[in-house]
Amino acid sequence: QGWGIWCFDGAAPTITNCTITGNYDVGIYCLLNSSPAITNCKIIDNTGEGIYCNGASPVITNCTISNNAGGSVESRSSSTAEYRAISIDGCVIENNGKGLYIQDAQAGPSVVIKGCKIISNSGDGIYLYLYDRVATISNCIIAKNSHDGLYASNGACKTITNCTITGNHSYGVDTRSTGLPNIVNSILWNNTGGELYGNCAAIYSCVKNGVSGVGNFNIDPCFVNTDSNDFHLRVDSMCIDAGAPWFDYSNEPLPNGGRINVGAYGNTPEATETTDADGDGISDNWERHYWPSDDPNQHDPNDDLDGDGF
């Protein structure tokens with residue numbers, strides 16, 4: 001009739017391989033300097049939030065957080081509970097009453113959201129309202145949420161790297177911030193209200209309808225199957241080998257074209273391989289796009305006829 005697990009006053013439990021479900025309120029409640037490590041858990045079908053934090057530092061890894069009526073993960077601070085760091089890595093967060101909701105009233109450590117699938121939640125996929133905070137979001141799929149993919153206010157978001165933000169029912173990224181977020185190697189496509197709103201910009205990204213910025217392009221990213229939430233790139237995607245040239249690509253399977261893919265699977269073992277039938281260093285999809293009518297063998301990998309950085 002209450003919380004599934006309550007972490008309080010410096011508690012630091014390790015919660016592993018657990019199913020936390022059907023609780024009348026919050027699945028895991030973290031309060032006052034607690035720092036639980038929550039790994040490989042299913043936190044599902046709770047009446048409140050899946051995880052609720054106030055002045056806590058949870059490390060949440062490889063968990064499924066779904067169908068919680070109150071929301072997925074909510075983290076706050078107050079005048080009596082100092083904000084702590086939060087890390088969310090490799091989690092599936094879907095069909096909750098809210099997506100990730102992170103708000104604080106004080107300065108403090110960072111927020112890291114990495115390798116997560118944040119899909120079909122009510123409200124924003126990620127809501128950030130942070131005071132003088134660095135938030136980094138990388139290799140995430142943020143899709144089909146009922147409002148913004150990412151809403152960031154008060155300088156809340158500094159880096160968005162290799163994310164796929166698509167099919168949300170308002171803006172892809174909506175920033176009401178004084179600090180300009182650095183969006184790079186990302187896909188922003190088919191968000192109902194538009195791809196970018198407010199004080200934000202992108203580079204080396206696939207942005208529908210186009211946006212100024214070095215290396216940006218406006219070409220269908222060619223997802224495998226959006227109906228089944230498969231946002232891998234097809235082999236004919238122009239997002240293959242289109243990321244910023246200084247980024248690491250070593251985790252992509254061979255052949256990888258020597259350059260990071262754009263989107264959530266860039267520099268991961270799930271990246272789509274490069275196809276280069278003639279071995280000239282230019283992927284087949286780029287050759288078909290830029291030189292559909294002439295011999296691709298006459299072109300050099302360093303050709304940049306339109307000056308777009310590719």
Asker: Checking the side chain of Asp174 only, and the main-chain atoms of Leu196 only, is there a donor and an acceptor separated by less than 3.5 Å?
Answerer: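 Looks like no, no N/O pair under 3.5 Å.
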
Asker: Just list the side-chain donor-acceptor pairs under 3.5 Å for residues 90-101, sequence neighbours left out, or say none.
Answerer:
{"from": "Asn96", "atom 1": "OD1", "to": "Asn67", "atom 2": "N", "distance (Å)": "3.2"}
{"from": "Asn96", "atom 1": "OD1", "to": "Asn68", "atom 2": "N", "distance (Å)": "3.0"}
{"from": "Asn96", "atom 1": "OD1", "to": "Asn68", "atom 2": "ND2", "distance (Å)": "3.1"}
{"from": "Asn96", "atom 1": "ND2", "to": "Ile65", "atom 2": "O", "distance (Å)": "2.9"}
{"from": "Asn96", "atom 1": "ND2", "to": "Glu94", "atom 2": "O", "distance (Å)": "3.1"}
{"from": "Asn96", "atom 1": "ND2", "to": "Asn121", "atom 2": "OD1", "distance (Å)": "3.0"}
{"from": "Lys98", "atom 1": "NZ", "to": "Gly70", "atom 2": "O", "distance (Å)": "3.0"}
{"from": "Lys98", "atom 1": "NZ", "to": "Glu74", "atom 2": "OE1", "distance (Å)": "3.2"}
{"from": "Tyr101", "atom 1": "OH", "to": "Gln103", "atom 2": "OE1", "distance (Å)": "2.7"}

Asker: If only atom types and distance count, is the side chain of Arg259 paired as donor or acceptor with the main-chain N or O of Gly243 below 3.5 Å?
Answerer: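 A pair under 3.5 Å: yes.
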
Asker: With the side chain counted from C-beta on, respond yes when Asn185 and Phe247 share a heavy-atom pair under 4.5 Å apart, and no when they do not.
Answerer: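 A side-chain contact exists here, since the closest heavy-atom pair is under 4.5 Å.
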
Asker: Return yes if some donor-acceptor pair links the side-chain N/O of Ser205 with the main-chain N/O of Val207 below 3.5 Å, else return no.
Answerer: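 Answer holds: no.
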
Asker: Between the main-chain N or O of Val173 and the side-chain N or O of Glu195, is there a donor-acceptor pair closer than 3.5 Å?
Answerer: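 Checking the backbone N and O of Val173 against the side chain of Glu195, no donor-acceptor pair under 3.5 Å is found.
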
Asker: Using the benzene-type ring in the case of Trp, are the ring centres of His232 and Phe223 under 6.0 Å apart?
Answerer: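 Aromatic pair excluded; centres sit 6.0 Å or further apart.
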
Asker: Hey, does the side chain of Asn261 reach the backbone of Asp241 with a donor-acceptor pair shorter than 3.5 angstrom?
Answerer: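 Answer holds: yes.
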
Asker: Where the side chain of Ser146 meets the backbone of Gly123, is there a donor-acceptor pair that is under 3.5 Å apart?
Answerer: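 A pair under 3.5 Å: yes.
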
Asker: Mark yes or no for whether Asn182, through its side chain, and Ile160, through its backbone, hold a donor-acceptor pair below 3.5 Å.
Answerer: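 Flag not set: sc Asn182 to bb Ile160 has no pair under 3.5 Å.
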
Asker: Is the shortest heavy-atom distance from the side chain of Ser34 to the side chain of Leu32 under 4.5 Å?
Answerer: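 Answer no - side chains too far apart.
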
Asker: Does Ser228 offer a backbone N or O that forms a donor-acceptor pair with the side chain of Asp230 under 3.5 Å?
Answerer: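 Pair absent, no side-chain N/O of Asp230 close to backbone of Ser228.
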
Asker: Within the distance-only criterion (no hydrogens, no angle test), does the side chain of Asn168 pair as donor or acceptor with the backbone N or O of His147 below 3.5 angstrom?
Answerer: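 No, because the side chain of Asn168 does not come within donor-acceptor range (under 3.5 Å) of the backbone of His147.
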
Asker: Residues two or more places apart in sequence or in another chain: which of them pass side-chain hydrogen bond (donor to acceptor under 3.5 Å, both in side chains) with Asp89?
Answerer: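 Result, side-chain hydrogen bond (donor to acceptor under 3.5 Å, both in side chains) vs Asp89: none returned.
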
Asker: Can you list everything that forms a side chain to side chain contact (heavy atoms under 4.5 Å, CB included) with Val235? Sequence neighbours excluded, please.
Answerer: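 Thr272.
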
Asker: I'd like to know whether Phe231 forms a ring pair (Phe, Tyr, Trp, His ring centres under 6.0 Å) with Trp189, so could you lay out the CA-CA distance, the side-chain angles of the two residues, the decisive distance to 0.1 Å, and finally the verdict.
Answerer: CA-CA 11 Å; Phe231 297 100; Trp189 199 264; over 10 Å; no

Asker: Can you sort out the partners of Lys208 under side-chain hydrogen bond (donor to acceptor under 3.5 Å, both in side chains), two or more places apart, ordered by chain and number?
Answerer: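 Asn190.
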
Asker: Hydrophobic side-chain clustering at under 4.5 Å (ILVMFWY, transitive links): who's grouped with Tyr171? Put none if nobody.
Answerer: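 Members other than Tyr171 - counting any ILVMFWY side chain reachable under 4.5 Å - are Tyr197.
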
Asker: Taking Gly266's backbone N and O only, do any of them form a donor-acceptor pair with Asn139's side chain (distance below 3.5 Å, no angle check)?
Answerer: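 Such a contact is found between Asn139 side chain and Gly266 backbone.
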
Asker: Less than 4.5 Å apart, side chain to side chain, heavy atoms only: is that true for Ile137 and Leu128?
Answerer: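 Yes; the side chains approach each other to less than 4.5 Å.
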
Asker: Side chains of Asp124 and Leu150, heavy atoms from C-beta outward: is any pair under 4.5 Å?
Answerer: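 With C-beta onward as the side chain, the pair stays apart.
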
Asker: With a cut-off of 3.5 Å and sequence neighbours excluded, list every side-chain donor-acceptor pair involving residues 3-19.
Answerer:
none

